[in-house]
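Please read the structure below before turning to the comments.
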Amino acid sequence: MKFKKPEFSNAARLRRASTIWELRDLAKRRTPQAPFDYTDGAAEAEITLRRARQAFEDIEFRPGILRDVSSIDLRTDILGKESALPFGIAPTGFTRMMQSEGEYAGSQAAEAAGIPYTLSTMGTASIEDVAAAAPNGRNWFQLYLWTDRDRSLELIERAAKAGNDTLMVTVDTAVAGARLRDVRNGMTIPPALTVKTVLDASYRPAWWFNFLTHEPLTFASLSRYTGTVADLINSMFDPTLTFDDLDWLRETWKGKLVVKGIQTVEDARKVVDHGADGVVISNHGGRQLDRAPIPLHLVPDVAAALAADNSDAAIILDTGIMSGADIIAGLALGADFALIGRAYLYGLMAGGRAGVDRTIQILEKDMARTMALLGVTKLSELNPDHVRLLNK
């Protein structure tokens, strides 16, 4: 028997993490409650998030045997360019609140992995700084349309100038969802240093040190703001948004246009009719409307509807993904690509850039193993016969 010397460094803990759930456990130990809950939580009773994750657990795979699976190819084309893996990093707001490297860690890890990275309008690094941090990466920009269209136009022009090839407009935030964990935690932007905040952070010295020694948390793409997240959304974002605004965006933006927040087949078809190059089937990670439709369940119907329309619009799956097997299931049901949000943030909170790298490594290994066990070597070989949705 060989004795293995124990390792107690955070780098060793990241190496030992074999699942996204284990990264989540690390993240929870290292991050104060308010920013962790902002990432981990959802709206109201969090029914939507639980159902979204349960949908992936209720997948039954149907493997083929006696196939040569000695070489697995995870490359795919998405929105006109190749991605080394069939997923990208979703837009997330306030990212440097979770860990000081924030958007820089996400964009650089995506660049190294050869996958897209999406910067949020609510990001805490500017469009230009992210482009400079990952100059060879494939950077996308997520847009919330404001009541002030001139401000929206300014962001669009900056995104184009910085080399972003895809604009992802989010359409499911007419008003803010009731994110009750944030309410209970007194979550504000920037974080308020209450007695509870100080005591909670005191047990997590690395986060506390980062928070105090780095640039104060602001929205680098916006002006400075102080208040709750819900107040910010309700004061800035436009509840009058219609398909006419999508037409305006299509005329204004010359790159690929993707609409995020699609929750019905009818709306998927409509946004494609209005010029969208892709749809992100998403309920905002369960953070807006509780009891919303489950994206995984929608994928087959959206795929069938767009095929019937002879549309080549990309179908991108979002919400609830916690393993590479989840991604493979979504692709088999008809999605072209996936986005990870919480999964990457758990890695970020667990270990900064190294934690995001570990997230991507875990998902890549999961996907390759799942495909081999299904008896397929290319993503194009996946089809609905490989999966069955239980308890839909």
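Residue numbers start at 1 and run along the sequence shown.
- For residues 311-354, no pair satisfies ring-ring contact (aromatic ring centres under 6.0 Å, His included), with sequence neighbours left out.
- Salt-bridge formation is not detected for the pair Lys28/Asp40: no Lys NZ or Arg NE/NH1/NH2 atom is positioned less than 4.0 Å from an Asp or Glu carboxylate oxygen.
- Surrounding CG of Asp77 are more than 12 heavy atoms belonging to other residues, nucleotides or ligands, all under 6.0 Å away.
- Taking the side chain to side chain donor-acceptor pair (under 3.5 Å) definition, one finds that Arg149 meets it with Asp238, Asp245, sequence neighbours left out.
- For the atom pair CH2 (Trp248) and CG (Leu241), the distance works out to 10.5 Å, reported to the nearest 0.5 Å.
- Note that CE of Met98 and CZ of Phe36 are 10.5 Å apart. Values are rounded to the nearest 0.5 Å.
- Within the structure, the salt bridge (Lys or Arg N to Asp or Glu O under 4.0 Å) test picks out the following pairs touching residues 273-291 (sequence neighbours left out): Arg250-Asp277.
- Between Met97 atom CE and Met349 atom CE the span is 9.0 Å, to the nearest 0.5 Å.
- Taking Ile, Leu, Val, Met, Phe, Trp and Tyr as hydrophobic and joining them when side-chain heavy atoms fall under 4.5 Å apart, one finds Val183 isolated, its cluster having no other members.
- Here NZ of Lys365 is found 14.0 Å from CD1 of Ile72. Values are rounded to the nearest 0.5 Å.
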Could you please spell out the steps behind the side-chain hydrogen bond (donor to acceptor under 3.5 Å, both in side chains) verdict for Asp357 and Gln361? CA-CA 6 Å; Asp357 288 336; Gln361 292 163 5; 5.6 Å; no

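- Between the side chain of Arg67 and the backbone N or O of Ile65 there is at least one donor-acceptor pair closer than 3.5 Å.
- Sequence neighbours left out, not one pair with a member in residues 102-113 passes salt bridge (Lys or Arg N to Asp or Glu O under 4.0 Å).
- Here salt bridge (Lys or Arg N to Asp or Glu O under 4.0 Å) pairs that include residues 159-174, with residues two or more places apart or in two chains, are Lys81-Asp165, Arg138-Asp165.
- Judged purely by atom type and a 3.5 angstrom limit, Ser83 has no side-chain atom pairing as donor or acceptor with the backbone of Thr76.
- Using a distance-only test at 3.5 Å, with no hydrogens or angles considered, no donor-acceptor pair links the side chain of Asp326 to the main chain of Ile321.
- Residues Phe243 and Asp267 are in side-chain contact: their nearest non-hydrogen atoms beyond the backbone lie under 4.5 Å apart.
- Under a 4.0 Å N-O distance rule, the pair Arg53/Glu57 does not qualify as a salt bridge.
- Proximity of Gln288 to Thr173: side-chain heavy atoms (C-beta onward) are separated by under 4.5 Å at one or more points.
- Asp37 CG to Arg181 CZ: the interatomic distance, rounded to the nearest 0.5 Å, is 4.5 Å.
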